[in-house]
*Asks:* 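Got a structure for you, questions after.
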Amino acid sequence: MNSEPSETPDGDPVDSDESRSVEASDLRSSCDDANESDLASEPVGVSPRAAALEKLPSLARITSVIMLIAGILVVGLLFYKVMVGFFIPLFMAAALVVIFRPVNEWILKKLRGRRRTAAIATTSVILSIVLLPIILLLTVAIGQLTGLVSRTDLDDLKAAFERGRTRLGLELQHADRFRRLDELAGMMDQIDQPELVRSQIAESKELITFLESEVVGASPTGETGELAREQLTQFAEIVEQLETVQQADATAESIATDRIMVEERFHRGSVVASAAIHAWMNAKLGGSFRTEVKLLTNPSEKDLAEAVRAVREYLQPRFVKFSGVTGRVVLQVAIGMLITVISIYFFFVDGPAMVRTLMRLSPLDDAYELRLLGEFEKTSRAVVLASILSAVVQGFLAAIAFFFCGFESFILLFMVTTVMALIPFLGAASVWVPCAIYLAAVDQSYGSAIFLAIYGAAIVSSIDNVIKAYVLHGHSELHPLVALLSVLGGVPVFGPIGILIGPMVVVFLQTLLEILNHELELRDAPKQESVSTSQ
């Protein structure tokens with residue numbers, strides 16, 4: 001391309017290439033002048049490193065920032081101590097707001113954007129659907145529990161226990177003698193008291209002979225009775241030898257050696273004799289497991305009285321303590337409910353502004369913050385809505401069966417079933433199975449027991465899978481083992497609400513780990529690209 005001529009300030013034509021070279025030289029001269037001015041402004045003899053250090057923030061500014069961070073930490077710790085008591089009400093309010101957000105949006109649309117009026121309406125809906133029914137059910141359940149305790153009599157419990165034991169075939173004739181024989185079998189290793197051991201051996205042989213002839217066994221004992229008596233006789237001979245050796249002068253080396261040998265035989269014989277007694281008892285009563293169950297379900301009057309006294313001594317001070325703090329507990333529950341209701345209202349009104357403020361203050365990337373908020377919403381619906389709805393339906397269906405089976409405290413059983421249905425692996429079966437056993441073993445109502453067992457297995461415990469599959473809509477659930485551990489670990493830390501908070505903590509941890517894994521993948525991606533390019 002041909003260059004067009006230009007004119008100088010004097011009006012003479014100048015070639016364009018020459019003009020561009022003049023402009024470039026002027027630019028270089030101006031940059032040189034600027035560099036010279038910068039060098040002139042710097043002190044003579046100052047190195048570039050020293051000049052860079054001078055550009056860092058001053059010590060006063062650094063100290064100010066450190067003090068600001070320390071103040072934030074101290075005030076944040078105080079804020080945590082002030083607010084930690086309200087964590088559970090705030091969490092419940094947040095979960096309810098997430099669950100009922102579609103309702104609030106529908107009401108807000110109907111009210112043409114009047115946010116405060118819509119928040120009041122939605123809070124009223126939550127009160128009428130969730131909170132007030134819970135308070136009413138708790139009141140009725142506590143009343144039924146109080147009436148059940150007041151109607152309970154020790155003689156009635158004992159009679160019911162005996163009826164159940166008879167129906168299950170666990171009654172035991174001469175149970176006191178069997179218990180004494182079992183006790184003697186564990187006392188034959190007292191090497192320092194050979195006379196006492198010899199009397200115990202004789203008593204054991206008499207008990208075996210008596211019980212073998214007087215009690216009809218669950219299975220033939222065969223030769224176990226004769227073998228037990230024979231082993232006891234041989235052990236008695238060893239005990240006599242032990243007495244002789246112990247009475248002799250132990251200074252002689254031969255006597256000391258004989259004593260060591262006899263003591264070894266004594267320990268061996270005591271083990272063999274005890275094993276022979278237990279073998280005969282197991283053969284007589286139908287096996288080791290059935291023997292232990294029969295001995296456990298046939299306590300002596302003394303053992304029963306001691307057990308009742310121990311239970312009374314354990315419960316009485318705690319009942320007095322509970323009675324003393326009942327007013328405080330009721331006040332705390334009332335305050336918690338009030339805070340929950342107020343928090344629900346303000347979360348609906350100012351929730352979006354609160355979220356934006358938290359996102360602005362958080363150092364996390366906005367995409368990660370949105371993901372965490374999404375996980376909280378999804379987990380709230382999955383854990384809170386699906387779990388609670390499933391538990392309530394299971395409790396309601398079980399309460400219907402309890403009512404028709406004749407249980408008077410069916411509201412109390414409804415509350416217990418609902419709570420147990422929230423716990424993985426245990427579920428509602430931990431309530432209706434014992435109730436079915438009670439109907440069969442104690443009330444002798446076999447038809448009701450069979451109905452409750454079939455109804456509980458086919459409907460009550462199976463409806464859980466149907467409801468969760470419908471509510472979750474394909475969302476992934478926690479592994480059953482992780483869910484169980486999160487519930488069992490959440491209850492001691494957070495109280496009863498830990499049944500819901502525990503799984504949510506696990507889900508948040510899983511989300512954070514996924515975010516960290518994503519960051520690591522992004523960091524490793526350039527390295528992998530460079531490696532592939534070099535190859």
Side-chain angles (χ1 to χ4, degrees), residues 129-130 132-171 293-294 296-298 304 308 311 315 386-471 487 496 499:
I129 294 178
V130 179
L132 292 181
I134 290 177
I135 296 174
L136 179 62
L137 289 173
L138 283 175
T139 304
V140 176
I142 292 173
Q144 290 187 354
L145 178 61
T146 305
L148 181 63
V149 173
S150 62
R151 293 193 305 268
T152 301
D153 188 14
L154 182 60
D155 294 335
D156 295 338
L157 288 177
K158 185 178 178 181
F161 178 75
E162 291 178 354
R163 288 199 304 270
R165 184 178 60 193
T166 303
R167 289 296 173 183
L168 294 175
L170 296 176
E171 59 180 357
V293 172
K294 283 189 174 184
L296 183 63
T297 55
N298 290 269
L304 186 59
V308 172
V311 171
L315 294 178
S387 300
I388 291 183
L389 182 61
S390 174
V392 170
V393 171
Q394 290 183 74
F396 177 74
L397 294 175
I400 295 176
F402 293 146
F403 175 77
F404 285 105
C405 289
F407 289 97
E408 297 180 0
S409 304
F410 60 93
I411 298 296
L412 176 62
L413 292 174
F414 162 75
M415 297 296 296
V416 176
T417 306
T418 301
V419 173
M420 296 305 297
L422 294 171
I423 302 177
F425 289 103
L426 296 179
S430 61
V431 180
W432 61 259
V433 168
C435 290
I437 295 175
Y438 176 85
L439 289 173
V442 179
D443 284 355
Q444 304 177 18
S445 180
Y446 300 108
S448 299
I450 295 174
F451 164 74
L452 182 58
I454 297 175
Y455 178 83
I459 297 179
V460 176
S461 295
S462 300
I463 198 68
D464 174 66
N465 299 324
V466 177
I467 294 176
K468 286 186 176 180
Y470 178 77
V471 174
V487 169
I499 295 177

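Because only heavy atoms are used, hydrogens play no part in the values below, and waters and symmetry mates are left out as well, while side chains stay in.
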*Asks:* Supply the atom-to-atom distance Phe407 CZ to Leu452 CG, rounded to the nearest 0.5 angstrom.
*Replies:* 6.5 Å
*Asks:* Please find the pair of heavy atoms, one from Ala449 and one from Ala436, that lie closest to each other, and give the distance.
*Replies:* CB-O, 3.4 Å
*Asks:* Tell me the closest heavy-atom pair linking Pro434 and Ala429, and the distance in Å.
*Replies:* CD-O, 3.8 Å
*Asks:* Taking all atoms of both residues into account, what is the closest heavy-atom pair of Gln394 and Thr417, and its distance?
*Replies:* O-CG2, 4.2 Å
*Asks:* How far does CG of Leu439 sit from CD1 of Ile437, to the nearest 0.5 angstrom?
*Replies:* 10.5 Å
*Asks:* What side-chain hydrogen bond (donor to acceptor under 3.5 Å, both in side chains) pairs are there with at least one residue in residues 453-462, not counting sequence neighbours?
*Replies:* Trp432-Ser461
*Asks:* Could you check, using the six-membered ring where one of them is a Trp, whether Phe402 and Phe410 have ring centers closer than 6.0 angstrom?
*Replies:* no
*Asks:* For the residue pair Phe451 and Cys405, what are the closest heavy atoms and their distance?
*Replies:* CD2-SG, 3.9 Å
*Asks:* Listed by chain and number, what are the side-chain hydrogen bond (donor to acceptor under 3.5 Å, both in side chains) partners of Thr418, not counting sequence neighbours?
*Replies:* none
